[in-house]
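What follows is a single structure, written as structure tokens, with notes after it.
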Amino acid sequence: MIIETAQRTRQTSEYYFSVKLAEVRKLVAEGHDVINLGIGNPDMMPSEQTLTALSEAALKPQAHGYQPYVGTVSFRNAIAEYYQRTYGVTLNPSSEILPLIGSKEGITHISLTFLDPGDEVLVPELGYPAYRAVSQMVGAAVKEYPLQEESGWQPNWEVMEELVTPRTKIMWLNYPHMPTGAPATEELFEAAVAFAKKHKVLLCHDNPYSLVLNKKEPISLLSVTGAKDVAIELNSMSKSHNMAGWRLGWLAGAKPYIDAVLTIKSNVDSGMFWALQEAAVAALGNSQEWHDDRNAVYQGRLEASEAFLNAVGCTWDKKQEGMFLWGKLPDSVESAEKLVNNLLTEKHVFIAPGFIFGPKGQRYIRLSLCMPKERIWEAVERLKS
Ligand SMILES: Cc1ncc(COP(=O)(O)O)c(C=O)c1O
């Protein structure tokens, strides 16, 4: 390459899945039947009313122009109603909601909005890789905070007191937690808000899994009294509504935070396709029965995935929520990387190694439930053969 790239391209390496899925595609192109239990890409359909709304809206002449930077009024109203119904949280639809092209892009907008070079960001030592990557991209210093396996993969607040400094600007939090499946609890959220208030840190909660195999009523961090002073929440339709490829999510929080993020975002992208937003309104109205049916399918897959973990000799926590199963490798397995590579090349089964979510994940693997249970059972058979 003749032209040198910016420093930040050297701080971040290509996303693991971007590299690995190219390998998977190559095997498939060679005619191999690869069972992909790696990525959390819902394979089930959005609801029928969602698809009908999309096709009807797409036929309207007014559908195809630019849309408001803050999303349509009807989409924001639907999100506000959904937050009230699902979490008991009241949001002002005209000032406390910012639709996003998926929550992943929100991580970048938030980081660009609040972080200066040298600011510090508290990132869970195991978590969605974008928190760390984007913080580094904008020149912030990443401080990993430990998660205690023995207490449900939660932060240790005494350790947090040691990690926080006057330069700490953001703390990332995500419960139900990916990849460990640790559930959200009110106590955890209350402790996090108290910590953020004490240290004037922006608490950024990422909440895409609260409706997937949740064992209790779903909760939002914004339901904690006073949370809006210091906390914002990302949410997404990717997993909860089977709409990952549609790129629909939002940021919820107090007006000053939303306005600040909009200053950045409105210079980066534009409002999403009107028909998508109309369809999102229909999806947000999905019945409880629709969500229950989706979870029943995941439950069946969970049983097959547990058999898979058993076949590897893993142990795992039964309290997990969300769309994955997180298993601890037995001592007999030398390394997750070797296991993943061997399974891919010899058995044509792809699973995610735990280390891609942080160094603490070295001795773990993550199975996605986004495959028909028959295919997961087939993977179990291949493993045993
Ligand atoms: C914890 C977490 N946050 C955010 C995302 C991104 O979701 P979206 O599709 O809304 O960008 C994912 C996707 O896997 C995730 O696991």
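Numbering of residues begins at 1 and proceeds along the displayed sequence. Remember, it's 1-based here, ligands and their atoms both numbered in the order they're listed.
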For Y82 and N235, test the side chains for any donor-to-acceptor distance below 3.5 angstrom and give the result as yes or no.
no
Subset of ligand 1 atoms that lie under 4.0 Å from at least one heavy atom of S238
8 (P), 9 (O), 10 (O)
Going by the order shown, which atoms of ligand 1 are within less than 4.0 Å of some heavy atom of N174?
1 (C)
Less than 3.5 Å apart, any donor N or O on the side chain of S151 or Q148 sitting next to an acceptor on the other?
yes
Less than 6.0 Å separating the ring centroids of F273 and H64?
yes
With atoms numbered from 1 as shown, which atoms in ligand 1 lie under 4.0 angstrom from a non-hydrogen atom of G102?
10 (O), 11 (O)
Atom 16 (O) of ligand 1 has as its nearest protein heavy atom Y209 OH, 2.6 Å
N-O pairing of E149 and K328 below 4.0 Å
yes
What do the steps show when you test Y145 against W153 for ring-ring contact (aromatic ring centres under 6.0 Å, His included), and what is the final call?
CA-CA 11 Å; Y145 63 84; W153 298 102; over 10 Å; no
Could you tell me whether ligand 1 has any atom less than 4.0 Å away from a heavy atom of P208?
yes
Nearest non-hydrogen contact to atom 10 (O) of ligand 1 from the set G127, S236, P129 belongs to S236
Contact region, S103 to ligand 1, non-hydrogen atoms below 4.0 Å, reads both
Would Y131 count as a contact of ligand 1 if the rule is a heavy atom under 4.0 Å away?
yes
Classify the ring geometry of F195 against H199: parallel below 30°, tilted from 30° to 60°, perpendicular beyond 60°.
tilted
Select the closest option to atom 13 (C) of ligand 1 among M178, E105, K104, K239, judged by heavy-atom distance.
K239
R247 neighbourhood, listing ligand 1 atoms whose heavy-atom distance to it stays under 4.0 Å
8 (P), 9 (O), 11 (O)
Measure the distance from atom 1 (C) of ligand 1 to every protein heavy atom, then report the residue, atom name and distance (to 0.1 Å) of the closest one.
D206 OD2, 3.4 Å
Please report which non-hydrogen protein atom sits nearest to atom 6 (C) of ligand 1, along with the residue it belongs to and the distance in Å to one decimal place.
Y128 OH, 3.4 Å
Relative to the ring of Y83, is the ring of W250 parallel (under 30°), tilted (30 to 60°) or perpendicular (over 60°)?
perpendicular
Ring centres of W316 and F324 under 6.0 Å apart?
no
